[in-house]
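Structure, as structure tokens:
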Amino acid sequence: RKDLLGLRQLTPEEINLILDTAVPMKEIIGRKIKKTPTLRGRSMVTLFYENSTRTRASFELAAKFLSADTIGLAASGSSVAKGESLRDTGLTLTAMGVDVVVMRHPASGAAEYLAKCIPAAVINAGDGTHEHPTQALLDLFTIREKKGSLAGLKVAIVGDILHSRVARSNIWGLSKLGAEVRVAGPSTLLPPELEQLGVKVFTEVEAALEGVDVVNVLRIQLERQQQGLFPTLREYSRLFGINQKRLQLTAPDALIMHPGPMNRGVEIDPQVAYGSRSVINEQVTNGVAVRMALLYLLTGGEYHALAH
Ligand code: CP
């Protein structure tokens, strides 16, 4: 494959190849001197039309740990602010010899569009409400590392599913690797197509949490709410917030995950977020390893490993 646009397109074998490749990458992160020459001579641009802390920083670190050359462009500081189109921006970067463009964009489908316009590899770092494949890959990696395998696990995704590209990519990835996926949220934040994706849908969080092995708590995306928020944050917290009491409904060794950034005290109680079952910080570390693996597979020695 030239690009990583979403998990919908990937086979279980391709997903497992990325996760397997991330295992030795994580060992590099654990070393005192993290740099390896693997991608020397390669280059990566992060092109972000939306804000980010984790995704952008971890891609830039991942590339640096593998000795690729990197630059970061934010839409506000580039010629995008003067009206330059996405296609022309991509072609300009390609003319400079860039091998990989990592892009976040508010429009669903923007990554696919860019991938068709330019010969460089495009990695989707989140497009609208469509997909956030690298977040889902790091989530899968974290679960697999803790539980050994995804097959047969019960995973609850709780929160603002309607606006969540993280939820969509997780649903594709978890289902392809054999997990049972439950989604829970207020009916106002559940998209209509969920049943067709083969997931179990709950409008009461307690029923969704019963006996699950993993709870992935999503952020309420205030910036994407078109009209007034219903339920309100206070109502949401009372009805769906993951707190110590609700945690007792899960399997005793259930993992608590959150892609970040968190609205602490809204969708997740601080005692849960920083409690013994939380793997939220490990998700962040694993994000660097998974992004190193992707950069390696798309531009490195095994470029054709992801090709059909
Ligand atoms: N999880 C995630 O995408 O975080 P950022 O918005 O900080 O990149």
Side-chain angles (χ1 to χ4, degrees), residues 4-7 18-19 22 29 44-65 70-77 100-108 110-111 122-143 145 155 157-174 183 185 214-225 242 255-264 266-268 272-274 278-295:
L4 177 74
L5 304 176
L7 292 200
I18 298 165
L19 303 185
I29 299 168
M44 180 199 81
V45 174
T46 53
L47 176 62
F48 275 56
Y49 291 77
E50 284 186 343
N51 295 339
S52 168
T53 297
R54 279 148 282 268
T55 311
R56 184 168 165 180
S58 63
F59 263 114
E60 290 180 11
L61 278 174
K64 286 179 198 299
F65 290 168
T70 69
I71 56 166
L73 273 184
S76 58
V100 183
V101 178
V102 177
M103 186 178 72
R104 172 168 290 186
H105 198 284
S108 300
V122 173
I123 299 180
N124 181 4
D127 61 331
T129 59
H130 176 228
E131 284 225 34
H132 190 349
T134 61
Q135 178 67 46
L137 287 165
L138 75 89
D139 293 340
L140 297 173
F141 183 91
T142 305
I143 299 170
E145 189 177 56
V155 180
I157 304 173
V158 179
D160 181 356
I161 314 291
L162 181 66
H163 300 102
S164 179
R165 53 198 178 204
V166 175
R168 281 172 188 75
S169 288
N170 261 276
I171 289 168
W172 288 116
L174 289 163
V183 299
V214 179
V215 186
N216 199 347
V217 188
L218 300 181
R219 183 171 67 88
I220 297 293
Q221 299 195 36
L222 294 167
E223 74 277 22
R224 295 191 206 278
Q225 308 284 349
I242 302 301
L255 305 178
I256 299 298
M257 306 177 77
H258 193 302
M262 289 185 275
N263 296 309
R264 275 186 296 129
V266 179
E267 71 261 3
I268 190 163
V272 175
Y274 302 115
S278 168
V279 292
I280 294 170
N281 278 335
E282 286 171 70
Q283 287 175 263
V284 176
T285 306
N286 293 339
V288 182
V290 163
R291 287 162 181 138
M292 288 168 80
L294 276 169
L295 291 173

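Start at 1 and go down the list; that is how both ligands and their atoms are numbered. Predicted model only: the values in this text are computed from it and were never measured. Start at 1 with the first residue, then count along the sequence.
Residue Gln135 places at least one N or O, backbone or side chain, under 3.5 Å from an N or O of ligand 1. Looking at ligand 1, you'll find an N or O of Gly260 within less than 3.5 Å of one of its N or O atoms.
For the atom pair OG of Ser76 and CD of Glu50, the computed distance is 12.5 Å after rounding to the nearest 0.5 Å. Summarising the geometry, atom CD belonging to Gln135 is positioned 12.0 Å from atom CG belonging to Asn124; distances are rounded to the nearest 0.5 Å.
For the pair Arg291 and Phe59, the distance from NZ or CZ to the six-membered ring centre is under 6.0 Å and the angle to the ring normal is within 45 degrees.
Of the protein's non-hydrogen atoms, the one nearest atom 6 (O) of ligand 1 is Arg104 NH1, 2.9 Å.
For ligand 1, the atoms closer than 4.0 angstrom to any heavy atom of Thr53 are 5 (P), 7 (O), 8 (O).
Of the listed options Ser58, Pro259, Ala125, Gly126, Pro259 places a heavy atom closest to atom 1 (N) of ligand 1. Residue Arg54 holds the heavy atom nearest to atom 4 (O) of ligand 1 of all those in Arg219, Arg54, Arg165.
Between the side chain of Thr134 and the backbone N or O of Ala125 there is no donor-acceptor pair closer than 3.5 Å.
In this structure, Glu267 and Asp160 have side chains that are not in contact, with every pair of non-hydrogen atoms separated by 4.5 Å or more.
For Glu50, the closest heavy-atom approach to ligand 1 does not fall below 4.0 Å.
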